[in-house]
Amino acid sequence: MKKILLFLLLSVSILSFGTESKQSILKLIKDVEKNPAAESSISKYEKIIDFSIETEDFEINLYPEFISLENDNTDQNTGKILLGSYLAGVLKNSLEKNTMPKTSDGIKQELKVYKILKKNRNIKSVFFEELINAE
């Protein structure tokens with residue numbers, strides 16, 4: 001899992017927004033915002049991740065610390081939720097307002113989801129703990 005996620009994080013994903021896929025991805029993003037850490041959101045996050053990898057017009061920067069967790073027992077779904085929430089945060093305004101993606105929007109959304117996962121799954125990330133302490 002860590003190797004796959006690290007590969008996704010270290011690669012630069014290029015984003016393109018087709019008319020139909022733009023609306024369907026925006027709907028998925030709004031759906032996962034309702035219950036971002038739910039198991040039922042994982043398949044939606046997978047589609048958001050796939051969209052970000054397969055499209056071509058915008059760049060999203062990914063950094064390892066965005067999903068670097070200290071727990072060796074963290075499951076693959078937790079990684080998908082964190083990566084998907086980051087990408088959903090980056091993509092939402094870009095899709096709604098046709099603007100450039102912002103890393104800060106992704107980090108804000110991922111931090112929100114991290115706090116939920118921290119309670120429910122007992123995960124820990126130094127990066128996100130530092131952000132929480134800075135709030």
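Any value given below was found using the heavy atoms of this structure, including those in side chains, with hydrogens, waters and symmetry copies removed. Numbering of residues begins at 1 and proceeds along the displayed sequence.
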Got a sec, which residues hit side-chain hydrogen bond (donor to acceptor under 3.5 Å, both in side chains) with Glu129, two or more places apart in sequence or on another chain? Tyr114, Lys118

Return the CG to CG distance between Leu117 and Asn122, rounded to the nearest 0.5 Å. 11.0 Å

Tightest non-hydrogen contact, residues Ala37 and Arg121, listed as O-NH2, 3.8 Å

Kindly indicate, with the supporting measurements, whether the criterion side chain to side chain contact (heavy atoms under 4.5 Å, CB included) is fulfilled by Leu87 and Phe51. CA-CA 10 Å; Leu87 293 171; Phe51 175 81; over 6 Å; no

Would you give the length of the straight line joining atom CD1 of Ile60 to atom CE of Met100, rounded to the nearest 0.5 angstrom? 10.0 Å

Test side chain to side chain contact (heavy atoms under 4.5 Å, CB included) applied to Lys92 and Gln109, step by step: CA-CA 10 Å; Lys92 184 178 179 188; Gln109 179 63 23; over 6 Å; no

Can you name the residues that form a side-chain hydrogen bond (donor to acceptor under 3.5 Å, both in side chains) with Lys108, not counting sequence neighbours? none

Decide side chain to side chain contact (heavy atoms under 4.5 Å, CB included) for Ile48 and Leu83; before the verdict, give the C-alpha distance in whole Å, the side-chain angles of both, and the deciding distance to 0.1 Å. CA-CA 9 Å; Ile48 293 166; Leu83 179 59; over 6 Å; no

For Tyr45 and Leu28, run side chain to side chain contact (heavy atoms under 4.5 Å, CB included): C-alpha distance rounded to whole Å, both residues' side-chain angles, the deciding distance at 0.1 Å, then the answer. CA-CA 8 Å; Tyr45 282 127; Leu28 289 173; over 6 Å; no

Side-chain heavy atoms under 4.5 angstrom apart, residues restricted to Ile, Leu, Val, Met, Phe, Trp, Tyr: same cluster for Leu26 and Ile49? yes

When you group the ILVMFWY residues by side-chain heavy-atom contacts below 4.5 Å and let the links chain together, are Val126 and Ile107 in the same group? no

Keeping Ser41 on the side-chain end and Asn35 on the backbone end, is there a donor-acceptor pair under 3.5 Å? yes

Test of understanding: with side chain to side chain contact (heavy atoms under 4.5 Å, CB included), list the residues that count as partners of Ile42, not counting sequence neighbours. Glu39, Glu46, Asn77, Lys80, Ile81

Indicate, with yes or no, if Ile123 and Leu131 share a hydrophobic cluster defined by side-chain heavy-atom contacts under 4.5 Å among Ile, Leu, Val, Met, Phe, Trp and Tyr. yes

Of all heavy-atom pairs between Gly89 and Asp105, which one has the smallest distance, and what is that distance? O-CB, 3.2 Å

Which residues satisfy the side-chain hydrogen bond (donor to acceptor under 3.5 Å, both in side chains) test with Asn120, sequence neighbours excluded? none

Lys115: side chain to side chain contact (heavy atoms under 4.5 Å, CB included) partners, not counting sequence neighbours: Leu111, Ile132, Glu135

Measure the spacing between CG of Asp31 and OG of Ser40 and express it to the nearest 0.5 Å. 9.5 Å

Nearest 0.5 angstrom please: Glu54 CD to Lys47 NZ, how far? 12.0 Å

Show me the pairs that pass salt bridge (charged side-chain N to carboxylate O under 4.0 Å, His left out) and involve residues 95-104, at least two apart or across chains. Lys30-Glu96

Shortest non-hydrogen separation from Glu110 to Ser85 and the atoms involved: CA-OG, 3.5 Å

Tell me whether Phe127 shares a hydrophobic cluster with Tyr86, the cluster being built from Ile, Leu, Val, Met, Phe, Trp, Tyr side chains joined at under 4.5 Å. yes

